[in-house]
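Here is how names work: the chains are called A, B, and so on, in the same order as the sequence lines, proteins then strands, and each is numbered from 1.
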Number of protein chains: 2
Amino acid sequence: MSHHKVISLETIRIACRNCSLSSLCLPMGLAPDDVERLDEIVKRTRPLHRGDFLFRDGDRFRSLYVVKTGSVKTFAPSPEGGEQVLGFHLPGEVIGLDAIDKDIHACSAKVLETSAICEVPFTRLEELTATIPSLQHQMYRLLSKEIGHDTDMLLLLGKKNAEERLAAFLLSLSKRLHKRGLSATDFYLSMSRHEIGNYLGLAVETVSRLFTRFQDDGLMNVDRKHIQLLDVDTLESLVGGAGQNRRQQQQS
Amino acid sequence: MSHHKVISLETIRIACRNCSLSSLCLPMGLAPDDVERLDEIVKRTRPLHRGDFLFRDGDRFRSLYVVKTGSVKTFAPSPEGGEQVLGFHLPGEVIGLDAIDKDIHACSAKVLETSAICEVPFTRLEELTATIPSLQHQMYRLLSKEIGHDTDMLLLLGKKNAEERLAAFLLSLSKRLHKRGLSATDFYLSMSRHEIGNYLGLAVETVSRLFTRFQDDGLMNVDRKHIQLLDVDTLESLVGGAGQNRRQQQQS
DNA sequence: ACCGTCGCTTGATCTGGATCAAGCGAAGAT
DNA sequence: ATCTTCGCTTGATCCAGATCAAGCGACGGT
């Protein structure tokens with residue numbers, strides 16, 4: 001039996017070189033030999049389930065985590081005891097980059113559905129990047145990409161109304177799923193309305209009403225967690241702030 | 001006369017090792033020899049003036065920029081033609097990290113007052129970090145710190161009201177100026193009310209009214225651009241969301 | 001010294017989205 | 001199979017902060 005177990009685990013624990021995410025994940029652009037070296041330091045844990053934590057705010061920072069399958073949300077505590085959802089993470093996305101600076105996690109990461117996660121001990125990764133220039137570059141890009149994403153969110157929270165925010169959220173999900181070989185127009189939400197609202201700086205009720213409105217307007221179908229985008233073009237135009245007579249933005 | 005000019009420029013172009021910012025800036029934690037190597041790739045331009053650009057969105061990414069003296073704002077265009085102020089940058093702070101990923105600047109950087117800027121060509125920096133582990137680590141920390149800062153802003157824009165936002169802004173400025181050896185309670189704003197509002201996701205009028213209110217409440221003195229913080233403790237408590245009967249936050 | 005512009009303030013009004021309230025149906029518990 | 005809880009929806013009301021409007025005073029330019 002223990003023999004069987006080893007075999008089945010080996011089946012689950014796909015090496016980086018065979019992982020379908022290698023074009024999105026850390027190995028992106030690496031030579032095969034370098035992928036092997038990276039592969040050696042990656043720990044592949046058993047599948048985690050809804051509600052499990054990868055880490056909690058306040059934990060010592062040791063590793064980066066990469067979603068292999070499933071999805072994860074990260075969220076930071078706010079002083080009053082509430083929390084701010086910082087992101088929803090899909091396969092190939094790296095989690096924990098914000099903790100490198102202080103060596104302590106400032107946010108928590110919670111698994112939204114049964115997920116496989118790769119753990120990359122950071123100290124060992126850092127040693128590796130020092131000897132593999134292309135991996136170092138990939139790390140810089142990864143960190144920079146995260147900043148760029150946060151910047152997009154700042155613009156969204158600072159300048160966009162509820163409709164624009166939800167449309168942007170749906171299209172972002174759609175594009176990211178599509179990159180992973182899934183449908184861009186037909187997918188399931190692994191997060192609750194509440195989590196979406198928190199993420200977008202909106203109340204649950206507003207999110208719910210907008211789903212209803214988008215459906216009434218023929219932009220999408222919503223059935224519980226099941227989403228079908230029917231009119232991506234119009235959704236795109238909503239994001240652009242084509243919200244009718246939006247007055248000229250503050251030019252500072 | 002040209003002789004005089006050369007001398008005066010040399011006076012301005014302080015080497016990293018003599019720069020008072022070395023404890024905040026890239027050289028932080030480097031061995032003296034390594035600081036010299038870094039110093040060799042840094043370009044020190046002549047002082048820039050209010051309104052000058054370090055780069056504009058769409059520009060090819062070539063260098064990081066570090067504020068030596070003065071201040072800089074970064075801002076991203078929003079689809080509708082407006083803009084979102086992303087940050088105000090003080091001496092020692094590094095600008096341009098978000099452009100590493102796409103190799104194109106997605107935001108612009110504009111000088112708010114006469115400022116000295118160091119330019120660090122990124123390709124050369126990358127070569128250097130590959131051979132100086134402590135510099136590589138410093139780069140990771142720098143990028144990570146930027147993510148952490150953006151995260152703080154997401155929480156601010158997503159969960160805090162106008163009062164909390166302005167208090168947080170003032171205290172952030174205060175702390176950062178203090179770290180640079182300046183007064184934590186008495187300083188000048190190099191940015192306009194409009195820029196503050198844009199940054200904080202508020203209308204100019206709201207910013208103006210809050211300044212007036214904070215002054216009436218004895219928390220600070222405001223005279224044009226001149227700020228004096230009188231009651232830092234109360235300002236701190238405002239940020240914490242002690243805004244009276246704030247209801248329990250959404251727990252997603 | 002004068003003028004025009006621009007940044008800032010203050011007051012009045014409006015509104016998008018939060019909050020409050022009430023039900024409904026699905027999924028998990030016993 | 002039934003209960004209970006929880007997530008979601010929908011309606012009614014409220015309010016923080018945006019928008020509109022009007023002046024004022026500082027500063028740069030001539």
**Asked** Reckon Lys225(A) has a side-chain N or O less than 4.0 Å from the OP1 or OP2 of dA26(C)?
**Response** no

**Asked** Between the side chain of Asp217(A) and the main-chain N/O of Phe214(A), is any donor-acceptor distance below 3.5 Å?
**Response** no

**Item:** Separation of atom CG in Leu157(A) from atom P in dG17(C), rounded to whole Å
**Value:** 13 Å

**His226(A) NE2 to dA26(C) P, straight-line distance once rounded to whole Å** = 17 Å

**Message:** Regarding His149(A) and Asp150(B), do their side chains bring together a donor and an acceptor under 3.5 Å, going by distance alone?
**Reply:** no

**Value in whole Å for how far the P atom of dC8(D) lies from NE2 of His194(A)** = 10 Å

**Item:** Flag, side chain of Arg165(A) to backbone of Leu200(A), donor-acceptor distance under 3.5 Å
**Value:** yes

**Request:** Answer with yes or no whether Arg224(B) presents, from its side chain, a donor or acceptor under 3.5 Å of a partner atom in the base of dG25(D).
**Result:** no

**Least distance between heavy atoms, Asp231(A) atom then Gly218(A) atom** = CB-O, 4.1 Å

**Message:** Please determine whether a side-chain nitrogen of the Lys or Arg among Glu83(A) and Lys73(A) lies less than 4.0 Å from a carboxylate oxygen of the Asp or Glu.
**Reply:** yes

**Asked** So which nucleotide from dG17(D), dC8(C), dG7(D) ends up closest to the side chain of Ala162(B)?
**Response** dG17(D)

**Asked** Could you state the CZ-C1' distance from Arg193(A) to dA26(C), rounded to the nearest angstrom?
**Response** 13 Å

**Prompt:** When you check the phosphate oxygens OP1 and OP2 of dA18(C), does a side-chain N or O of Thr206(A) lie under 4.0 Å from one of them?
**Reply:** yes

**Message:** Between Thr212(B) and dT10(C), is there a contact of a side-chain N or O with OP1 or OP2 at under 4.0 Å?
**Reply:** yes

**Message:** Tell me the interatomic distance from His49(B), atom NE2, to dG28(D), atom P, rounded to whole angstroms.
**Reply:** 14 Å

**Fill in**
Separation of dG23(C) atom C1' from Glu205(A) atom CD, nearest Å, is 14 Å

**Request:** Starting from P on dT9(C), measure out to CZ on Arg213(B) and report it in whole angstrom.
**Result:** 14 Å

**Value in whole Å for how far the C1' atom of dC8(D) lies from CD of Gln215(A)** = 13 Å

**Request:** State whether the distance check finds a donor on one side and an acceptor on the other, under 3.5 Å, for side chain Arg209(B) versus base dT19(D).
**Result:** yes

